[in-house]
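Each ligand, and each atom within it, is numbered from 1 in the order the structure gives.
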Amino acid sequence: MSDKVMVMYLGRTMEMADSKPLTTGPRHPYSQALIASVPIPDPVLERARKRPVLEGELPSPLRPPSGCVFRTRCPKAQAICTEIRPPMTDADNGHMVACHFEEKQEMLVFAR
Ligand code: SF4
């Protein structure tokens with residue numbers, strides 16, 4: 001449907017990339033949780049895969065958290081995430097990510 005995908009949380013861009021690298025190897029923890037929530041239409045693969053689960057409530061967009069707006073629900077959050085808003089950086093050939101601790105996570109997705 002689209003060549004590029006932008007993932008947003010509380011009105012801020014978390015990740016932006018071509019659709020294939022973003023859906024098969026998301027780098028932001030929020031993108032990873034979103035992609036992992038897509039069901040795989042194969043019961044064996046679906047049962048076998050691990051899913052990151054987001055804890056907590058969605059904060060009010062009127063009073064977003066300081067630093068990284070995703071920090072109250074992020075399993076990787078550290079002290080720096082409270083103080084400093086992560087800049088959008090080029091993690092890999094135009095794959096833009098706003099996270100102090102971004103890392104690629106290979107996702108099990110159903111080929112389309
Ligand atoms: S900057 Fe920190 S809180 Fe925000 S997504 Fe990255 S690890 Fe999580």
Side-chain angles (χ1 to χ4, degrees):
M1 293 291 284
S2 66
D3 295 330
K4 289 191 176 287
V5 175
M6 178 187 287
V7 176
M8 299 185 75
Y9 184 82
L10 290 181
R12 301 226 178 115
T13 303
M14 303 284 106
E15 185 166 0
M16 184 170 53
D18 290 342
S19 55
K20 180 133 189 186
L22 197 145
T23 54
T24 59
R27 292 175 174 270
H28 193 282
Y30 182 55
S31 306
Q32 292 165 355
L34 286 179
I35 300 298
S37 70
V38 177
I40 296 174
D42 179 320
V44 175
L45 293 177
E46 180 67 15
R47 273 193 294 272
R49 72 176 174 156
K50 294 180 183 170
R51 292 170 189 252
V53 177
L54 295 183
E55 306 283 343
E57 298 290 319
L58 182 67
S60 168
L62 298 176
R63 293 182 46 185
S66 62
C68 176
V69 293
F70 186 57
R71 71 175 169 79
T72 58
R73 305 179 74 198
C74 181
K76 293 182 176 176
Q78 307 282 324
I80 189 176
C81 305
T82 303
E83 305 294 328
I84 300 173
R85 180 177 170 179
M88 192 70 122
T89 56
D90 190 340
D92 182 21
N93 197 27
H95 191 140
M96 307 299 289
V97 187
C99 175
H100 296 301
F101 305 103
E102 66 84 13
E103 62 182 337
K104 186 176 180 180
Q105 182 175 339
E106 299 293 338
M107 303 301 282
L108 187 55
V109 294
F110 196 72
R112 296 185 175 100

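Listed by first and then second residue, the side-chain hydrogen bond (donor to acceptor under 3.5 Å, both in side chains) pairs involving residues 86-102 are Glu15-His95, Arg27-Glu102 (not counting sequence neighbours).
Proximity to Arg71 (heavy-atom distance under 4.0 Å) selects the following atoms of ligand 1: 3 (S). For ligand 1, the atoms closer than 4.0 angstrom to any heavy atom of Pro86 are 1 (S). Those atoms of ligand 1 with a heavy atom of Phe101 less than 4.0 angstrom away are 7 (S). Ligand-side atoms of ligand 1 in range of Lys76: 7 (S), range being under 4.0 angstrom from any heavy atom. Ligand-side atoms of ligand 1 in range of His28: 5 (S), range being under 4.0 angstrom from any heavy atom. For ligand 1, the atoms sitting less than 4.0 Å from at least one non-hydrogen atom of Cys81 are 1 (S), 2 (Fe), 3 (S), 7 (S), numbered in the order shown with element in parentheses.
With hydrogens left out, the protein atom closest to atom 6 (Fe) of ligand 1 is Cys99 SG, 2.3 Å, a heavy atom. Atom 1 (S) of ligand 1 has its closest protein heavy atom at His100 N, 3.4 Å. Looking only at protein heavy atoms, the nearest one to atom 4 (Fe) of ligand 1 is Cys68 SG, 2.3 Å. Looking only at heavy atoms of the protein, atom 8 (Fe) of ligand 1 is closest to Cys74 SG, 2.3 Å.
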For the pair Phe101 and Cys81, evaluate side-chain contact (heavy atoms from CB on, under 4.5 Å) and give the outcome as yes or no after the intermediate values.
CA-CA 9 Å; Phe101 305 103; Cys81 305; 3.9 Å; yes
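Between Tyr9 and Val69 the shortest heavy-atom distance is CE2-O, 3.4 Å.
Heavy atoms from other residues, nucleotides or ligands lying under 6.0 Å from NZ of Lys104 number 12 at most. Arg85 CZ: 12 or fewer foreign heavy atoms inside a 6.0 Å radius.
Counting only distance, with no hydrogens or angles, the side chain of Ser66 and the backbone of Glu83 share no donor-acceptor pair below 3.5 Å.
When the options Asp18, Ile35, Leu22 are evaluated for a side chain to side chain contact (heavy atoms under 4.5 Å, CB included) with Val5, the one that passes is Leu22.
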